[in-house]
Structure formats: C-alpha cells, structure tokens
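Positions are given from 1, in the same order as the sequence printed here.
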Amino acid sequence: MAKITYIEHGGAEHVVEVANGLTVMEGARDNNIPGIEADCGGACACSTCHVYVDSAWVEKLPEMDGMEEDMLDFAFEPKPGQSRLTCQLRVSDALDGLVVRMPERQI
C-alpha cells in the first residue's frame with residue numbers, strides 16, 4: 001500500500017492508503033475524494049482525472065505515453081511537466097508519499 005495525498009483546489013487534503021495495483025484514480029474514487037470525476041472509468045478516454053503532480057514527484061513517475069499526452073490536451077489548464085491523468089498512474093510501494101493537486105475543475 002501507498003499513502004497518497006490528494007489536495008483539492010480549495011486546499012482540503014485527503015491522505016489515504018491505496019492498494020498496490022490500483023491506479024491513483026481508483027484510490028480517489030474508492031475513497032470518495034472530490035475533484036477527480038473519472039468519467040471514462042480509467043480508459044484514458046477523457047481528462048476528468050487530471051491532477052498536478054507535486055514537483056518533488058515529477059521525476060519519480062513513469063513517463064507518460066502518447067495517449068495520455070493527447071488526452072491532456074483536453075484537460076483544464078494543463079501544466080507542462082506536472083499534469084498527469086491519475087488513471088495512468090499505477091500504485092506501487094514506490095509511490096508511497098505521492099502528492100497530487102486537483103485543478104479548479106475538470107472538463
């Protein structure tokens with residue numbers, strides 16, 4: 001399990017344990033974290049699970065593939081280098097302590 005901190009746009013923090021093998025999006029969904037809508041259910045077919053990864057974690061995450069990069073074009077105010085889709089981030093012990101911030105809204 002990994003402890004992941006989800007920070008809402010307004011600043012409210014939610015620290016939850018997410019089981020290895022799930023995605024960061026599934027961790028938010030399963031723990032009723034507001035701000036991650038996940039309309040496509042994790043198929044990388046929308047951008048409603050968009051977050052900004054804390055700068056300390058950007059280099060520790062796997063590189064995004066072309067599909068995720070393309071979907072981020074539809075995200076609300078993406079930030080190069082920090083924007084990621086949580087459905088594409090698989091949880092492992094290596095993500096213990098990950099911090100993600102939600103945008104003002106999802107599209």
Side-chain angles (χ1 to χ4, degrees):
M1 289 205 143
K3 280 190 181 175
I4 301 188
T5 301
Y6 301 85
I7 303 174
E8 294 179 49
H9 180 71
E13 290 188 18
H14 306 271
V15 180
V16 297
E17 289 190 348
V18 181
N20 290 348
L22 294 179
T23 64
V24 175
M25 180 275 298
E26 290 169 319
R29 179 199 63 203
D30 294 351
N31 289 282
N32 300 311
I33 307 294
I36 295 181
E37 296 171 11
D39 288 344
C40 74
C44 198
C46 71
S47 62
T48 61
C49 68
H50 168 232
V51 296
Y52 306 118
V53 174
D54 186 82
S55 58
W57 281 90
V58 170
E59 297 297 320
K60 298 176 184 177
L61 297 177
E63 289 189 34
M64 74 174 77
D65 64 18
M67 184 183 297
E68 180 181 3
E69 194 171 342
D70 289 345
M71 290 282 59
L72 282 170
D73 288 341
F74 301 102
F76 179 75
E77 296 184 350
K79 294 180 182 177
Q82 282 189 288
S83 287
R84 293 297 300 261
L85 298 181
T86 55
C87 68
Q88 299 301 295
L89 298 174
R90 183 109 6 231
V91 174
S92 69
D93 290 340
L95 292 189
D96 188 40
L98 176 66
V99 177
V100 296
R101 290 175 172 78
M102 270 71 93
E104 182 177 356
R105 62 185 170 92
Q106 301 287 352
I107 292 185

Donor-acceptor check, side chain of Gln106 to backbone of Gly35, threshold 3.5 angstrom: yes or no?
yes
Check: Tyr52 side chain, Pro78 main-chain N or O, donor-acceptor pair, under 3.5 Å
no
Is there a side-chain contact between Val24 and Ile4 in this structure, where contact means two heavy atoms from C-beta onward sitting under 4.5 Å apart?
yes
Heavy atoms, side chains only, cut-off 4.5 Å: are Arg29 and Ile36 in contact?
no
For Ser47 and Leu72, indicate whether the former's side chain and the latter's backbone hold a donor-acceptor pair under 3.5 Å.
no
For Thr23 and Gln88, indicate whether the former's side chain and the latter's backbone hold a donor-acceptor pair under 3.5 Å.
no
Please indicate whether Phe74 has more than 12 foreign heavy atoms, meaning atoms of other residues, nucleotides or ligands, lying under 6.0 Å from its CZ.
no
Show the nearest heavy-atom pair for residues Ser92 and Ala2, with the distance to one decimal.
O-CB, 3.6 Å
Quick check: closest heavy atoms across Pro34 and Glu8, and the distance to 0.1 Å?
CG-OE2, 3.4 Å
Test item: Asp65 side-chain N/O and Met67 main-chain N/O as donor-acceptor pair under 3.5 Å
yes
Where the side chain of Asp96 meets the backbone of Lys3, is there a donor-acceptor pair that is under 3.5 Å apart?
yes
If you look at every heavy atom in Ile107 and Thr48, which pair is closest and at what distance?
O-CG2, 2.8 Å
So do the side chains of Val100 and Thr5 get within less than 4.5 Å of each other, counting heavy atoms only?
no
When you group the ILVMFWY residues by side-chain heavy-atom contacts below 4.5 Å and let the links chain together, are Val91 and Val15 in the same group?
no
Do Leu89 and Met102 land in one hydrophobic cluster if side-chain heavy atoms of ILVMFWY residues count as linked below 4.5 Å?
yes
Looking at Arg90 and Gly21, would you say the former's side chain and the latter's main chain have a donor-acceptor pair under 3.5 Å?
yes
Please walk me through it: do Glu13 and Tyr6 pass side chain to side chain contact (heavy atoms under 4.5 Å, CB included)?
CA-CA 6 Å; Glu13 290 188 18; Tyr6 301 85; over 6 Å; no
Measure the CG-CZ distance between Leu61 and Arg84 for me, rounded to the nearest 0.5 Å.
5.5 Å
Verify whether one side chain among Ser83 and His50 offers a donor that lies under 3.5 Å from an acceptor in the other.
yes
Any sub-3.5 Å donor-acceptor pair from Glu68's side-chain atoms to Leu85's backbone N or O?
yes
Same apolar cluster (I L V M F W Y, side chains within < 4.5 Å links), Val16/Val53:
yes
N/O donor-acceptor pair under 3.5 Å between Trp57 side chain and Leu95 backbone
no
If you take all heavy atoms of Cys40 and Ala43, which pair is closest and at what distance?
SG-N, 3.3 Å
So Val58 and Gln82, side chain to side chain contact (heavy atoms under 4.5 Å, CB included) or not? Walk me through it.
CA-CA 6 Å; Val58 170; Gln82 282 189 288; 4.1 Å; yes
Test item: Thr86 side-chain N/O and Cys49 main-chain N/O as donor-acceptor pair under 3.5 Å
yes
Would you kindly confirm whether Ile33 and Met25 end up in one hydrophobic cluster when ILVMFWY residues are joined by side chain heavy atoms under 4.5 Å apart?
yes
So, do Pro103 and Glu77 sit near enough that their side-chain heavy atoms are less than 4.5 Å apart?
no
